[in-house]
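Read the structure below first, then the notes.
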Amino acid sequence: MVLRHTAAVVTALLVAAGLGLLAGVLGDDDQFWLRTTVFAACTLGPAWGLGWLLFVSGSTGPGAVAHPEENVEHGWWQRSASGSFLDLVVVLGLASTALAVTDLRLDAGTVLAALAVVALADVTVRMVVLSRREA
């Protein structure tokens, strides 16, 4: 198991360093090392997730659950995500109507960021309410 974790860490370091170097090379200013270091540091977490997915996640220890997705938290997540999706559809409809009636023009990036924040907040609130209600 230690070998698998070591392989995941090495993979993370190599992928993060490669992405950092790529970002440094594609940069157009004189801050190659700063850009490389920042991008490598920012991609280290997702790169470790990739290494864990490739090397560690397939192995199970003694006493592992046969179906880990069949638990209470997963049910809460499914219910909160599906409810949040319906709320997001309603918000999209109301926002589209309001924008059409007022003839207001907004940047697409602003609208998408606002919708992502609304969706994440909705899922979070629903998850907390379900966990407190049923725990």
Run the side-chain contact (heavy atoms from CB on, under 4.5 Å) check on L13 and L44 step by step: do they pass? CA-CA 7 Å; L13 292 174; L44 188 59; 3.9 Å; yes
As a quick check of understanding, evaluate side-chain contact (heavy atoms from CB on, under 4.5 Å) for V91 and L115, giving each step before the final call. CA-CA 8 Å; V91 168; L115 289 174; 4.2 Å; yes
Trace of the side-chain contact (heavy atoms from CB on, under 4.5 Å) decision for E134 with R79: CA-CA 12 Å; E134 296 181 6; R79 289 170 44 201; 2.7 Å; yes
Give the C-alpha distance, both sets of side-chain angles, the deciding distance and a yes or no for side-chain contact (heavy atoms from CB on, under 4.5 Å) between R35 and D28. CA-CA 10 Å; R35 184 184 306 270; D28 55 352; 4.1 Å; yes
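In terms of heavy atoms, A16 sits closest to A47 at N-CB, 4.1 Å. Closest approach of L88 and V118 over heavy atoms only: CD1-CG1, 4.5 Å. Taking each heavy atom of W48 and V9 in turn, the nearest pair found is NE1-CG2, 3.8 Å. Scanning all heavy atoms of the two residues, the minimum distance from A119 to S84 falls at O-OG, 3.5 Å.
Side chain of R4 to main chain of F55: a donor-acceptor pair is present (N/O by atom type, distance under 3.5 Å, no hydrogens or angles).
By the rule that hydrophobic residues join a cluster once side-chain heavy atoms approach within less than 4.5 Å of another member, L106 and L92 end up as members of one cluster. Cluster annotation: F39 is not connected to V25 through the hydrophobic network of ILVMFWY side chains, with a link wherever side-chain heavy atoms come within less than 4.5 Å.
Within the structure, salt bridge (charged side-chain N to carboxylate O under 4.0 Å, His left out) pairs that include any residue of residues 112-124 comprise D122-R126 (at least two apart or interchain).
Salt bridge present: D103 and R105 bring a charged side-chain N and a carboxylate O closer than 4.0 Å.
The hydrophobic cluster containing L14, built from Ile/Leu/Val/Met/Phe/Trp/Tyr side-chain heavy atoms closer than 4.5 Å, also comprises V10. Through side-chain heavy atoms spaced under 4.5 Å, either directly or across other Ile, Leu, Val, Met, Phe, Trp or Tyr residues, V72 is tied to W76, W77, V123, M127, L130.
Within a 6.0 Å radius of CZ in F32, more than 12 heavy atoms belonging to other residues, nucleotides or ligands are found.
Between the CG atom of L104 and the CG atom of L99 there is a distance of 6.0 Å, given to the nearest 0.5 Å.
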